Structures are given as C-alpha cells and as structure tokens.
Amino acid sequence: MKLQRLLLPLIAVAALGALFVFGLLRGAPDKDIESVLLGEMAPGFQMGLYDRYHPEYGPTFDFSEYAGTPMVVNFWASWCLPCYQEAPILQEYWRQYEDSGVLFVGIHTQNRDRYAEDGRTFLSQFGLTFPNGYDPNSDISIDWGLYGVPETFFVDRNGRVLLKHIGPVTPEVMDEQLRAMLQ
Amino acid sequence: MSSVTRRTHWLRPLLAVVALLLLGAAALAQEVQLETRVFEIARQLRCPSCVSESVSDSSAPIAQQMREIIQDQLVAGRSETEILAYFQTRYGDWILLDPPKRGIHLVAWFLPIIVGVVAVAVVALLARRWLANSRKTIEATPEELARVRSQLGITRSRAEEPSREEPRTGGPD
C-alpha cells in the first residue's frame with residue numbers, strides 16, 4: 001500500500017530527472033539547426049578587404065563578380081579560439097585548391113571596432129593568402145544567418161549553399177565538401 | 001520706439017526659445033518612442049551568438065547591429081511583422097523567442113494549457129475522492145479496536161470505565 005502511494009510521485013520525479021539529464025547531455029542544440037540558406041542562393045555582399053589583398057583582389061570584394069565560381073565562405077573573429085585551430089587547415093586547402101577554380105573568402109566579423117586591428121595580426125600569424133575582409137557591423141553575418149564563429153559555408157558554382165559547417169573545419173569536412181563542389 | 005513696441009520687443013526671442021524647446025522636446029519624445037519600439041521588437045528576437053538572451057538584452061555586436069537594422073526598418077516605415085519576417089528569412093523560426101502559432105509549433109502553445117487542464121481535473125478528482133473517504137464512517141472489528149487501544153496505551157474502553165459520578169448507594173439517612 002505504501003509502495004503504491006509512492007509510485008506516482010516516484011515516476012514523476014524520475015521523469016523530471018530523466019528530462020534534466022537529457023537536457024544536460026544533448027549538447028548544443030543550436031548546432032543541429034540547419035541553415036535556412038541550404039539549397040538557396042547565397043546572399044550577395046560587398047566587403048572591404050584587408051590591405052594585403054588589394055594588389056590581387058582590389059580594395060573591395062564583390063560577391064556578384066564571382067558568379068559561377070564555387071566558394072568557401074569562412075566567418076571568423078580574432079577573439080575566437082577555434083578560429084585559430086582551423087586557420088592553418090583553411091590555408092592548406094586553399095593552397096591545394098586555388099588552381100582548381102574554387103575561391104576561399106574569409107570574413108572577419110562579430111568584433112567590436114577596438115578589436116578590428118586584431119584581424120591584421122590574425123591574418124599575418126597564419127599567412128592567409130585567400131582574400132579576407134572585415135564585416136564591421138555584422139551586416140553580412142546577419143544576411144548569412146550566422147549564429148557564431150567560426151562558421152563556413154560551401155557554395156556551389158550555381159551560387160547555391162551546399163552546406164553550413166558550424167565550428168572549426170576539419171580535413172574530413174574540407175575533403176568531402178570540396179569534392180562535392182567540384183563535381 | 002512706441003511704448004507698445006518697447007514692451008513687446010522681448011517677446012520675440014522668448015517665443016523663439018519656447019518654440020525651439022517645444023521642437024526639441026517633440027524630437028526627443030519621437031526618439032524615445034522609436035527606441036521603445038526597437039526594444040519591443042528586439043525582445044521577440046533571439047540573439048544568435050548568445051545563450052538564451054534576446055536581442056534586446058544582449059550587448060553582443062551582432063545584437064547591437066540587429067537593433068540598428070530594426071531601427072532603420074522602422075524609420076523606413078516597415079511594420080513589426082515585416083521586420084520579424086526579415087530576420088526569419090535569414091535564421092528561420094529559430095530566431096523568434098515565441099514560436100510561431102502554426103504547424104508543429106502549436107504544440108508549444110497548447111501543450112501547457114492541455115497539461116494544466118488535465119492537472120486541474122486530476123486534482124479535482126482526487127480531492128473529491130479524499131472528501132468522500134473522509135466522510136465515510138469507519139467500520140472496525142473488535143480486534144482492530146483492541147489494537148488501536150493498545151497502540152494508544154488505553155487499557156480499557158470508555159464503556160468499560162466506571163462512571164465519574166459514583167452512583168449513590170445505600171438508603172436514606
């Protein structure tokens with residue numbers, strides 16, 4: 001009789017406990033949210049490039065000028081530690097693929113003006129040779145539906161977004177996506 | 001200069017100052033109203049780079065920029081629905097702190113109401129049963145009564161106890 005009386009509260013407490021544990025263990029649910037841009041045309045943008053890229057790409061990067069070019073669009077910030085982790089990988093793959101018609105673009109974003117200069121240090125530190133620019137007001141980030149940094153978008157030659165990768169890119173992701181983009 | 005002109009010549013600058021103050025106050029009121037609207041709309045949007053914070057509450061650069069976009073769009077005459085839709089096309093329904101009242105999102109709106117109604121019904125049912133039980137007379141066997149008495153330390157039943165008023169014995173004096 002006693003056990004019967006306790007059964008219902010026990011089930012309720014166990015259910016709440018299970019819900020709590022599930023909440024703790026499910027990780028970052030935001031990472032599972034797919035971009036609404038998948039399969040859609042990538043939003044165009046214009047962005048001021050860092051000085052070091054002016055000789056090759058000019059002072060402003062205009063997305064529309066590269067229509068028909070598969071693109072890897074990487075969003076980063078100088079304060080973001082995982083961005084330091086992925087920068088050498090991006091540079092390595094850029095070296096491998098720059099002659100195959102893919103363009104890599106780096107967008108320094110979600111930073112306050114006082115840290116804008118840190119972007120130059122970041123670029124020098126990793127010697128990134130693909131064009132990188134600054135999105136001072138996070139306008140481009142908002143248009144691309146960015147949650148945080150780093151995030152990387154893979155855009156096919158038709159200008160459609162194939163994949164949005166949240167977090168630092170890995171060689172596996174780069175291999176798989178670049179192969180798909182160049183097919 | 002006539003005396004009337006002399007008496008009123010100071011009125012013009014005073015009126016100009018009053019007019020300027022009124023214009024300034026009107027502009028300030030308009031700005032405050034606009035800012036209030038910006039924060040009202042921002043309160044409905046989730047800050048993309050924060051954890052459980054609205055665009056209104058966050059000081060993250062992206063939230064600041066989203067507030068600026070809201071302000072620009074309000075100034076351009078866009079409605080609240082249009083502004084929310086602008087962010088929805090970029091981030092999907094995720095960006096809205098209140099899930100939209102359609103499709104699977106309806107579960108989030110109606111489930112708490114359904115659970116509430118069921119909970120009230122269950123409590124009402126249980127309360128009725130408890131009340132009904134409390135009104136019932138308890139039938140106890142002599143053995144059960146004896147057990148209760150022994151547990152309570154009562155050795156004899158009240159029926160068995162001698163009356164406190166001693167019956168008068170004996171005849172008249």
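Protein chains get the first letters and strands the later ones, always in sequence-line order, with residue 1 at the start of each. Heavy-atom basis, side chains included; hydrogens, waters and symmetry copies ignored. Quick caveat, the model's predicted, so the values are computed rather than measured.
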Take a 6.0 Å sphere around [atom1] of [X] and say whether it holds more than 12 heavy atoms from other residues, nucleotides or ligands.
X	atom1	result
B:E35	CD	no
B:E40	CD	yes
B:L126	CG	yes

- Item | chain A contact via B:I69 - which portion, at a heavy-atom distance below 4.5 Å | side chain

Do [X] and [Y] belong to the same hydrophobic cluster, where Ile, Leu, Val, Met, Phe, Trp and Tyr are linked whenever their side-chain heavy atoms lie under 4.5 Å apart, directly or via other members?
X	Y	value
B:L45	B:L34	yes
A:W79	A:F126	yes
A:V72	A:L163	yes
B:L96	B:F110	no
A:M41	A:F154	no

- Task: Please determine, by modelled atom types, if A:D139 and B:Q65 share a side-chain donor-acceptor pair under 3.5 angstrom.
- Result: yes

- Residues of residues 71-87 of chain B contacting chain A, heavy-atom criterion under 4.5 Å, by residue number: B:Y86, B:F87

- Query: Which atoms form the tightest heavy-atom contact between A:V36 and B:R90, and what is the distance?
  - Reply: CG2-O, 3.2 Å

- Query: Where is the tightest heavy-atom contact between B:I62 and A:S141, given as atom of each residue plus distance?
  - Reply: CD1-CB, 4.3 Å

- Item | Residue selection (most heavy-atom pairs with chain B, distance under 4.5 Å) from A:L146, A:I142, A:L37 | A:I142

- Check: A:S35 main-chain N/O paired with B:Y91 side-chain donor or acceptor under 3.5 Å: no

